[in-house]
Amino acid sequence: MKPLNYRSIILICLLVITSILFAKTNVTNLVCEYHINPIGIDVEKPRFSWQLSSVETNIKQTAYEIRVANSSTNFDSKNLLWSSGKMSSDNSVNVEYQGINLKSMQRAYWQVRVWDNKNTVSKWSEPAYWETGILDPTRWIAKWITMKGKENIGQAFYLRNEFQATKKITSARVYVTSLGLYQLFINGKKVSTDLFTPGWTSYHKRLQYQTYDVTDLLISKKNNTVGAIIGEGWYGGKLGWTKNRTFNAKQLALLAQLEIKYADGTSQTIVSDENWKASRGAIIESSIYDGETYNAQLENSGWSSNGFDDSAWTKTETVEYPKNKLVAPQSVVVKAIQEIKPIKIIKTPRAETVFDMGQNMVGWVRLKVKGNKGDTVTLKFAEVLDKEGNFYTENLRSVKSTDVYILKGNGEEVYEPHFTFHGFRFVKVEGFPAKVELDNITGVVIHSDMKPTGTFSCSDSLINKLQQNILWGQKGNFLDVPTDCPQRDERLGWTGDAQVFAMTAAFNYDVSAFFTKWMRDMEADQLPDGKIPHVIPNVLDMKTSSAAWADACVIVPWSVYKVYGDKRILEVQYNSMKAWVDFMKTSAGEKYLWISNTHFGDWLDYSSNITGFQKGNTDMDLIANAYFYHSTSLLAKIAGIIGRNADAQIYSKLAENVKKAFQREFVTANGRLVTQTQTAYSLAIAFGLLPDELIDNVGSLLAADVQKTGHLTTGFVGTPLLCNTLSAIGADSLAFKLVTRKKYPSWLYPVTQGATTIWERWDGQKPDGTFQTAKMNSFNHYAYGAIGEWLYSRVAGLNIDPENPGYKHIIFSPHVGGGFTNAKVEFLSLYGSIKSGWEIKDKSFVYSITIPANTTGTVILPITIAENILINSAPVSTEIKKNWISTTKEISFDLGSGNYQISFSFDSSK
Ligand code: BGC
C-alpha cells in the first residue's frame with residue numbers, strides 16, 4: 001500500500017472533522033406560539049417548538065433542556081427566568097413555558113438543547129425571544145380619538161401629532177389599534193407593511209392591537225411626528241347582502257401608545273389624545289365592498305412628517321370605548337404577498353378596455369398614470385367575461401368594486417387603494433388619459449401571511465392545475481378570517497366552508513395561528529344556548545345554526561390538533577364544543593334524533609344545478625344526525641385527550657345512542673339509506689355510523705351509484721368525503737375516475753374551461769359560455785377544493801396518525817391509479833420537511849420518502865409480494881423485517897428518521 005501523501009491526510013482530517021461536526025444533532029427553527037420571535041403577545045404560558053437536524057438516520061430526542069433569560073447574552077443561572085432542567089422527553093413541539101409570568105412589555109430570550117438516542121447532546125441553540133404586549137388593561141393610558149363631527153364612517157380621515165423625543169433613544173414600541181382600519185406612520189414612513197390592521201374580530205368582544213418596534217423610525221433629541229389614516233373597514237362598513245352596519249358603529253377611532261426608552265434609563269410615553277389634529281384628505285370614499293375614491297389633489301403632502309402646517313386641521317375628540325376587550329394578535333397579518341403583471345389588454349365587443357391579469361386574484365391593482373389635473377381614472381373589477389367576451393359583474397350582486405383615482409397632474413402618478421380589496425381577473429379601465437399599456441397596472445395579491453408548507457404535483461397536468469387553483473382559492477379567501485368568497489356582498493367567515501376545507505388548507509399553508517385566532521371569535525360569538533352562528537364574526541346577526549356549518553367549532557380545532565399536535569386549542573375551545581354538542585343533544589331530546597331544524601343541507605350539490613334547489617337532494621335530518629354523531633364522538637375523544645375523563649365517558653355513551661338512533665331512523669336492514677345519494681352513503685361510512693355487517697353493503701351501493709352516474713352528485717357536505725370514502729372501501733379506481741373526469745360535473749371541468757380558482761358551482765360557467773344564476777355564482781370559493789386532502793394523502797401518500805398527531809408518526813401510504821405515473825408531496829411539518837413521492841418506470845415502483853428527525857414512519861405499500869423490495873438499494877434489513885406486516889392487500893413496515901428510496905417491481909395494469 002502506498003503511504004498517504006500530505007493532501008490525502010488533510011482530506012481525511014477534514015472528513016473526520018466534518019463528520020464530527022455534522023453527525024451531531026443540532027437544534028434549529030425555534031418558534032414560540034407558531035411565530036419566529038413574536039413581539040406584543042399576551043399568551044401567559046407561551047409554547048416553544050424546535051426542530052432537530054441531523055445527517056444520521058433513526059434520530060430521536062430523548063431529553064431536552066430549555067432556559068429563559070432576560071438577556072440574549074447572559075444565560076447564567078442567576079439571570080434566568082426559568083430553567084426546565086433536563087427533561088426526559090421526546091417532545092419538541094409546543095412545549096409550555098413554566099417560568100414566572102412576564103410583565104407587560106417584557107422581552108424574554110430562550111434557548112434549548114437536546115439529547116438524542118445516539119448519546120449526543122446538542123449545542124445550545126441560538127437564542128430566540130418573545131416579548132409581551134400590554135397585559136394589564138390599566139397600562140393603556142392612551143385615549144380613543146376621532147375626528148370631530150357627527151358620524152364619521154364612509155370616508156377616511158387623517159390624524160397627526162408632533163412631539164419631542166427629549167433624549168437619546170434606545171428602544172421604542174408603539175401599541176396601536178382602531179375602531180375601523182388604520183395605517184400608521186412615523187416621520188413620513190409607514191411603521192409596517194401589515195395591511196388591514198387591526199384585523200377582523202368580533203370587535204365588541206375581542207379587538208386586536210398591534211405592537212411595532214419603531215426604534216429606527218424615531219429621531220433622538222428631535223421632533224418626531226406620528227400620523228394615522230383611519231378607514232371604515234369591517235368595523236364601520238356595511239357587510240352582508242343586507243348591508244347592515246353590523247357593529248353599530250357610529251364613530252371610527254384610533255388608540256395609540258408610544259413607549260420610548262432612553263439611554264439614561266428614563267422613558268417617555270406619547271399617547272393619542274385630544275391634542276392630536278385631524279383632517280379629511282385624499283381618500284374621499286372608502287369601503288371594503290365598493291372600493292375607494294382617491295382625489296390626489298386633496299393630498300396633504302408631508303402630513304405625517306415634522307413641520308407640516310396643520311393649522312387648518314381640526315382638533316380631535318375623545319371617544320369612550322372599553323379597553324378591557326383589547327387582545328394581542330395570535331394570527332398572522334395580511335400583507336401584499338405577490339405581484340402579477342397583466343397578460344393582455346382586451347377591447348371587448350362593447351368597446352370596453354379590459355386588462356386580463358391571467359389569474360383570478362384578490363387584492364387590487366397599482367395604477368401608473370400620467371395626465372392632467374382632474375383627469376379621472378376608474379377601475380372596475382370582474383372575475384369573468386361573459387359569453388360574448390364582455391366585462392361581467394352581475395355575480396358581484398350589490399357590490400360596486402370600483403376604485404377611482406383623480407389625478408393631481410404633475411408627472412407620473414402611482415396609486416394603490418388603502419382599505420378595500422377586490423376579487424378579480426379582469427380590470428376595466430375608464431377615463432385613462434393616454435393609450436393604456438400593460439405596464440400601467442400591476443396586480444397586488446394580498447392575504448394572511450401564512451407560511452407555505454405543502455407542495456403537491458403529479459404526472460397529470462390538469463390535476464396540477466387543479467392543485468394550483470386550490471392554492472389560489474386559499475390565497476384569495478384566507479384574509480384574516482376564512483371567507484366564503486372575496487368578491488360579492490359576502491366575503492364572510494362562513495363556518496361550513498372553512499370546516500370542509502380545513503385539512504386541505506393545513507396542507508398548503510401553516511394555518512395554526514390563523515385558525516387559533518378565528519376559533520376565539522367563534523367562541524366569543526357563540527349564542528348562550530350553544531348555537532354557532534353561520535358566519536364568524538357574526539356580522540349577519542343570525543340566531544340559527546346549521547349542521548356541518550356549526551360543527552366547525554369541533555372539527556377545526558380537531559384539525560389543528562391533528563396537523564400541529566396542538567392540545568391547547570382543544571383545551572381552550574372545549575367549552576365551546578361542548579356547548580354546541582349539548583345544544584344538539586337538547587334539540588334531539590330523549591330519542592337522540594335531531595329532526596326538523598333548518599339547515600343548509602348538502603349545499604349546492606349537483607341536483608341544485610338542475611332544479612335550482614340549493615340545499616341539495618340528501619335528507620337534511622340525515623345530514624344533521626350524522627354530524628351530531630360525528631361531533632359528539634370527536635368531543636368524547638377530545639375529552640379523553642385533555643384528561644376530562646368523566647366527560648369522555650358521558651359523550652361516548654351519547655355518541656353510541658345517537659348512532660343507534662341514526663341506524664333506526666335512516667338505515668334499512670339491508671343498508672339502504674333514507675336518501676340514496678353519494679353524500680348520504682359517504683357520511684354513513686366516513687363517520688362510522690353503520691353496524692359492521694352493513695358497511696360492505698353500503699359501500700357497494702355507493703360504488704354502484706358512482707358507476708351508474710359516472711360522476712359525482714355531491715355538494716359542500718358530501719364533496720370532501722366522497723373520494724376518501726371510495727378509497728377507504730377499496731374503490732380507489734372509482735375515486736381516480738371521478739377526479740380525472742373532465743366533463744361536467746367534476747373538479748376538472750372548470751379547469752378545462754380555463755378556471756384559475758375553484759368555483760362555487762360545478763357549472764359556474766356552462767360549456768356554452770352562459771352562467772349559473774348571478775344570485776349565487778362565485779368563481780373563487782374554496783369549498784370544493786377540499787379534494788386537495790385526498791390528493792395529498794391518498795395519491796401522494798402523506799397521512800397523519802391521529803394517535804401521534806402533528807406528524808410525530810407519519811403514515812406513508814401511496815395509492816396508484818388514474819394513469820398517473822408519478823406523484824409527490826413535500827410538507828414542512830413542525831418537525832421538519834417530510835417527503836413522499838413515487839414514480840413508476842419500466843415496471844418498477846420507486847418510492848422516495850423523507851422522515852424528519854424525532855419522528856417515525858410506517859410505510860404501507862400497495863403490493864403483496866415482497867421478495868424484490870430494495871431499501872436504499874439494499875435488501876430489507878433484519879431490523880426492518882421485525883415490524884413487517886404482510887396482508888392480502890398490502891405490506892407495511894416501520895422506519896426511523898432519514899431519507900429512503902424504496903423500490904420494487906410493479907405492474908400498474910394489475
Ligand atoms: C355562501 C356559502 C355559505 C352558504 C351557506 C353562501 O351564500 O357563499 O359559501 O356556506 O351561503 O349556505
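Ligands are counted one by one from 1 in listed order, and the atoms in each one are counted from 1 as well. This structure is a prediction, so every number in the text was calculated from the model and none was measured. Numbering starts at 1 and runs along the sequence shown.
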Quick note on ligand 1: atoms under 4.0 Å from a heavy atom of Glu760 include exactly 8 (O)
Protein contact to atom 7 (O) of ligand 1 [nearest heavy atom, distance to 0.1 Å]: Glu490 OE2, 2.6 Å
Could you list the atoms of ligand 1 found under 4.0 angstrom from a heavy atom of Arg488? 1 (C), 6 (C), 7 (O), 8 (O)
For His534, state whether at least one heavy atom is located under 4.0 Å from any atom of ligand 1. no
Are Tyr784 and Phe501 an aromatic pair, judged by ring center distance below 6.0 Å? no
Among all protein non-hydrogen atoms, which one is nearest to atom 9 (O) of ligand 1, and what is the separation to 0.1 Å? Asp497 OD2, 2.5 Å
With a 3.5 Å cut-off and no angle check, do the side chains of Asn508 and Gln467 form a donor-acceptor pair? yes
Between Glu760 and Arg488, does any side-chain N to carboxylate O distance fall below 4.0 Å? yes
Applying the side chain to side chain donor-acceptor pair (under 3.5 Å) test to Glu383, which of Asn395, Thr757, Asn777 qualifies? Asn395
heavy-atom search around atom 5 (C) of ligand 1 in the protein gives Trp494 CZ3, 3.4 Å
Between Asp510 and Thr453 (side chain of the first, backbone of the second, donor and acceptor by atom type, cut-off under 3.5 Å), is there such a pair? no
Tell me if the centroids of the rings in Trp594 and His599 come within less than 6.0 Å of each other. yes
Considering heavy atoms of the protein only, find what lies nearest to atom 1 (C) of ligand 1 and give residue, atom and distance to 0.1 Å. Asp484 OD2, 3.3 Å
What I want to check is whether the side chains of Gln338 and Lys475 have a donor and an acceptor closer together than 3.5 Å. yes
With heavy-atom distances below 4.0 Å as the criterion, list the atoms of ligand 1 near Phe716. 9 (O)
So is there a nitrogen or oxygen of Trp549 less than 3.5 Å from a nitrogen or oxygen in ligand 1? yes
